[in-house]
Every structure is written in structure tokens, then in C-alpha cells.
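Below is one structure; the comments refer to it alone.
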Amino acid sequence: MTASVLYIGICNMSAIIVVDDLVKSFKEIKAVDHISFSVNKGEIFGFLGPNGAGKSTTIKMLTTLLVPDRGKILMNGFDPLTEPDKVRQTFGIVFQDPSIDEELTAWENMELHGVLYHIPKKVRRRRIEQLLKIVELWDRRNDPAKRFSSGMKRRLEISRGLLHHPAILFLDEPTLGLDPQTRNLIWGHIKQLNQTERVTVFFTTHYMEEAERVAGRIAIIDHGRIIALGAPGELKAATNASSLEDAFINFTGRNIRAEEVSNLDQLRRRVRLFRR
Amino acid sequence: MKTIYILWIRQLKRYYRSKPRIIGSLGQPVLFLVALGFGFGPIYQKAGGGDYIQFLAPGIICMSILFTSVFSGIEIIWDRQFGFLKETLVAPVSRFHIMIGRTLGGASVATLQGVIVFSISLLAGFKPYLIALPLALFIMVLIAVIFTALGTAIASLMEDMHGFQLIMNFLIMPLFFLSGALFPLDGLPRAIEIASRANPLSYGVDGLRFALINVCHFSLAFDLTFMLLAALIFLGLGSYLFSRIQI
Ligand SMILES: Nc1ncnc2c1ncn2[C@@H]1O[C@H](COP(=O)(O)OP(=O)(O)OP(=O)(O)O)[C@@H](O)[C@H]1O
Ligand SMILES: [Mg+2]
């Protein structure tokens with residue numbers, strides 16, 4: 001079965017990420033447990049799951065930062081294990097945890113990124129200005145990043161990730177800790193990139209309504225396994241749920257953590273009763 | 001090329017902006033110069049060694065370069081903890097270039113530090129020959145490159161700063177004390193002699209003494225050959241280990 005996923009992935013010319021039977025353990029913890037999926041070119045793909053589900057670990061393996069124990073990855077046709085440099089040409093990433101140089105100013109962080117990603121000077125300057133204005137850091141561009149609030153650092157981080165226009169953009173909980181206004185602005189920009197430049201977006205989040213709003217397809221991952229994959233509408237239909245949140249609970253509950261979830265379900269019912 | 005340049009500049013900016021770090025790292029060499037220079041000076045003279053500060057200053061310059069460059073290499077661990085390392089590791093540039101950029105940046109900072117200590121030693125009464133100053137500078141750069149690369153290699157194997165004390169006490173300090181920076185390498189016990197001969201810093205100290213006070217224990221040609229080889233080996237090792245970092 002796994003071989004066929006890879007086969008389909010390779011034959012399916014529109015797949016830009018193909019993952020087959022991926023496994024990664026840290027000592028006795030199975031962080032990623034035999035997952036397979038593929039992401040199409042130009043798609044906005046959401047990766048949804050509770051804390052510790054294995055989302056970031058998967059992204060690290062896709063982005064050449066971590067070597068899998070088992071399994072096969074193709075990114076734009078290249079294997080991160082054997083051709084990491086080719087793979088790094090094809091993606092950009094906003095990490096879950098901080099990755100800016102706090103001693104450098106906002107501008108310098110952007111500039112350094114632009115140089116690392118070979119963006120010609122003129123384009124670089126223009127985009128830096130545009131992006132810093134979107135995230136409202138233009139006036140603070142010459143301040144060292146260490147003087148920013150955590151939300152401002154996050155905004156800098158995201159705008160830096162959007163500076164070059166890669167074939168695949170990874171966003172690991174991009175909007176965590178941001179105010180709703182900024183969140184909307186940023187998603188607006190990402191969607192625009194997706195439409196005008198056909199950038200494939202692979203993101204993770206805990207915000208169900210966000211996932212439902214922006215993702216074309218969603219994979220639900222729990223305990224290192226993918227337990228559902230499809231368009232938000234399909235996931236809801238498959239579980240007779242009215243919202244993605246309910247679908248999520250139905251999926252995770254039925255398959256893996258029945259006990260925990262039924263407790264949660266009870267709680268939710270109680271909350272609903274209480275509201276009445 | 002641009003990758004190397006931008007990472008080199010980054011290192012210099014970070015150095016220039018952290019004034020406390022500059023001042024802090026100058027404190028130690030100054031203390032050594034003053035305390036040892038004036039403290040041991042009379043004994044050294046009585047023993048027939050001549051002016052101790054002449055002997056000591058090149059050693060202290062080497063010491064400050066050693067410390068600064070190993071620290072610069074080890075900065076990778078900070079970058080790992082603050083997260084910036086990831087940003088460079090996923091960039092579409094070769095890790096070899098990243099490593100070279102960082103190492104050259106760290107080495108420049110260390111050389112700069114050496115030059116500052118050199119200037120301070122002049123104030124403390126050090127009177128070097130100035131003709132071979134370019135040679136002295138070249139040797140300082142070599143020492144800096146060797147030990148920044150060594151720091152990089154070590155840091156690539158470490159996940160956090162916990163092992164730092166270990167490295168300080170079992171690597172850096174021995175490298176310093178067994179380099180002939182403080183005392184001449186004549187008539188030492190066999191074991192110590194072997195250790196000091198395997199120590200790249202010994203040749204740095206020796207070369208620098210040759211350039212600045214025209215005193216030489218080995219020979220300049222040998223010093224330079226050994227250091228160039230050490231630089232190549234550590235750069236190779238450092239970039240190999242750096243290229244294998246996982247987050
Ligand atoms: N470097 C590591 N060493 C040991 N265990 C790790 C490491 N990185 C991740 N893990 C473990 O792997 C599992 C999956 O972690 P991962 O970071 O992928 O989760 P996640 O889905 O991104 O969660 P979150 O929503 O909290 O970001 C967790 O149990 C975590 O403890
Ligand atoms: Mg995560």
C-alpha cells in the first residue's frame with residue numbers, strides 16, 4: 001500500500017510534496033509514526049493536530065533539518081537526504097519558535113534573509129519595505145529585534161518568511177500569539193501569494209476556524225499518525241459534524257483517544273447546556 | 001560569496017554592538033599582563049631571562065585570540081538556542097559557505113581583539129620590532145582561524161552550553177598553559193613537551209615572538225607550516241561537523 005502512494009505521487013505530476021511511510025522516533029517516543037500523504041502544487045494544505053502530535057517533526061524532516069528513521073520524501077522531485085541543497089532552493093519556512101537574530105535590526109534581519117535567498121537588491125529593497133509596512137514594523141525598522149514585543153518579533157519573523165517567493169512555503173503555527181487584525185492581514189497576503197505566484201502553502205495551526213477558512217485540504221494528525229485527510233467540507237460530511245472542531249473531535253475520539261475525548265465531549269455538552 | 005560576506009558582517013556587527021563583551025574580554029589579558037608582567041618580571045630577570053614583558057606580551061596576545069576565537073566558534077550554540085541557526089541551515093546556500101562566513105567573522109573579531117591587546121601591551125611597556133608587523137598580523141589571523149574553526153567543530157557537536165565548563169577546563173586552559181605563552185618551552189618534562197609540541201598554539205606563540213621580538217624556539221617556516229596545516233584540518237573538520245547538524 002505504501003509503495004503505491006509513492007508511485008501515485010511520482011506519477012501525479014501535480015504533487016509537489018510526496019511523503020511515504022515516514023517514521024521518526026526520539027528514544028521511545030514515536031513522534032511520527034508511518035505517515036504518508038502528498039500535497040499538490042498550488043494547494044493550501046493544513047496540518048492539524050494537538051500538541052505533540054508530530055507536526056513540527058514532520059516539517060523538520062521535510063525541510064532537511066532532521067533525518068527520518070524510515071520512509072521516503074520527495075520535495076519538488078528531490079530527496080532531502082540526498083539532495084538537500086536542491087530541496088532548500090524550493091521552500092521557505094516560518095518556524096514555530098523564534099529564529100531571528102535579536103542583535104540585528106528588523107531591516108538587517110530582512111536584508112540578511114534576502115541575501116541568503118539570492119533576491120536581487122532592487123526587488124529585495126522593494127519587498128522589504130512592502131512587507132514591513134504590512135506588519136507595521138516599517139517605522140521600527142532600525143530598532144534591534146530584541147527591543148520588540150513578542151508579537152512584533154513574530155510579525156517580523158513572518159514577513160521575513162514571505163520575502164522570497166518559494167515554490168513551497170511552510171508555516172508552522174504562523175499566527176500564534178498575534179492579534180486578529182494582524183492575523184487577517186497576514187493570511188490575506190499569503191492567499192494573494194498563493195494565487196498570484198502559485199506558491200504552495202503547508203501550514204500547521206491549532207485554530208480550527210482558521211484552518212477551515214484558508215485550507216484547501218486538511219490532514220488531521222494525532223500521536224504521529226494521520227487519521228483523516230480531505231477538504232474541510234469532506235471531513236465535516238464524513239463525521240456528520242457541523243464544524244471542523246466537531247469533526248476533529250469525532251475523528252480523534254473514535255480512533256485514538258476515545259476516553260480523553262469523551263470526557264471533553266461531556267464537558268462541551270455541559271458547556272452547551274450551561275449556555276442555554 | 002555574498003553568503004560568506006553577509007555572515008562575516010553579521011559577526012562583526014554583533015561584536016561591535018556588544019560593548020560589555022569587548023570590555024569584558026579585554027579585562028583578562030590586561031590583568032595577566034599587569035599581574036604576571038610586574039609580578040614575575042623581577043624573578044624572570046634574576047634568572048637571566050631578560051625583560052619578562054617582552055616575552056609575555058606575545059603570549060598574552062595569543063591568549064586573547066585563543067579565547068575570543070573559541071568563543072566565537074561556540075557562539076553557534078547560542079544561535080541554536082536563540083533559534084537563528086535554523087534560519088541559516090535551511091537557506092539555499094551551501095553549509096560550507098555558511099561555516100566559512102561564520103569562521104571568518106569570528107576570526108576577524110578575534111584578530112581585532114589581538115590587535116587591541118597588542119596596543120594595550122605597548123602601554124604596559126612592551127617594545128616590539130615593528131618591521132615584521134605584517135607577519136605578526138598574518139600569524140594572528142592564522143591562530144584566529146584555527147581556533148574559531150575548532151570552536152565551530154565543538155559547538156556542532158553540542159546541544160547546549162552544559163558542556164561548556166568541560167571544554168573550558170579540559171581544552172582551552174591546557175591549550176593556553178601548554179603553549180609557551182607564559183614560560184619558555186625549554187627543559188620541560190617529556191610529557192609536557194610532547195603535549196606542547198602537538199599544540200597548534202605553541203607555534204602561534206613562537207611565530208608571533210619571532211615576528212615581534214625576534215626570538216624563536218622552533219623555526220618560522222615550521223611554525224607557519226604547522227599552523228597552515230592545522231587551519232586546513234580544523235576548517236575541514238568544522239565544516240564537516242557543521243554540515244551534519246540536525247535541529
Ligand atoms: N528534539 C527532540 N527530542 C526529543 N523529543 C522530541 C524532540 N522534538 C520533538 N520531540 C517529541 O516528539 C513529539 C512530537 O513533537 P512535535 O514538536 O512534532 O509536535 P507538534 O505537533 O509540533 O506539537 P505542537 O503543537 O506543540 O507544536 C513530542 O512528543 C515531542 O516531545
Ligand atoms: Mg509544533
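We name chains A, B, ... by the order of the sequence lines, and we start the count at 1 in each one. Reckoned from all heavy atoms, side chains included, excluding hydrogens, waters and symmetry mates.
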Worksheet, complete the sentence: Bottom line for A:V67: the part with an atom under 4.5 Å from chain B's heavy atoms is both
Worksheet, complete the sentence: When rounded to the nearest 0.5 Å, the distance separating CD of A:E103 from OH of B:Y16 is 14.0 Å
Worksheet item: Atom NE2 of B:H97 and atom CG of A:L116: how far apart are they, to the nearest 0.5 Å?
Response: 12.5 Å
Discussion item. I'd like to know whether CZ of B:F82 has more than 12 heavy-atom contacts from other residues, nucleotides or ligands below 6.0 angstrom.
Written reply: no
Practice prompt. Can you measure from CG (A:N109) to CD (B:E87) and round to the nearest 0.5 angstrom?
Written response: 7.5 Å
Worksheet entry | Side chain, backbone, both or neither of B:K13 within contact of chain A (heavy atoms, under 4.5 Å) | side chain
Discussion item. Using a strict threshold of under 4.0 Å (side-chain N to carboxylate O), is an ion pair present between A:D101 and B:R14?
Written reply: yes
Worksheet item: Are B:I247 and A:F95 side-chain neighbours, meaning at least one heavy-atom pair lies under 4.5 Å?
Response: no
Worksheet item: Would one find more than 12 heavy atoms of other residues, nucleotides or ligands at under 6.0 Å from atom NZ of B:K19?
Response: yes
Discussion item. Is any side-chain heavy atom of A:Y117 closer than 4.5 Å to one of B:P92?
Written reply: yes
Discussion item. Assess the residue pair B:Q246 and A:L65 against the criterion (side-chain contact (heavy atoms from CB on, under 4.5 Å)); give the C-alpha distance rounded to whole Å, side-chain angles, the decisive distance to 0.1 Å, and a yes or no.
Written reply: CA-CA 5 Å; B:Q246 291 190 45; A:L65 282 175; over 6 Å; no
Practice prompt. Could you check A:R88, A:H118, A:Q89 and say which one makes a side-chain contact (heavy atoms from CB on, under 4.5 Å) with B:V93?
Written response: A:H118
Fill in: Distance, nearest 0.5 Å, that separates CZ of B:R95 from OG1 of A:T64
5.5 Å
Worksheet entry | Basic-acidic side-chain contact under 4.0 Å: A:E108, B:R17 | yes
Fill in: From A:L112 atom CG to B:I9 atom CD1, the distance as rounded to the nearest 0.5 Å
10.5 Å
Item to complete: Could you check which of A:K60, A:E111, A:R160, A:E102 has the highest count of heavy-atom pairs closer than 4.5 Å to chain B?
Response: A:R160
Item to complete: State, with a plain yes or no, whether a side-chain heavy atom of A:F91 is found less than 4.5 Å away from one of B:V90.
Response: yes
Fill in: 4.5 Å side-chain heavy-atom contact, B:Y5 and A:V115
no
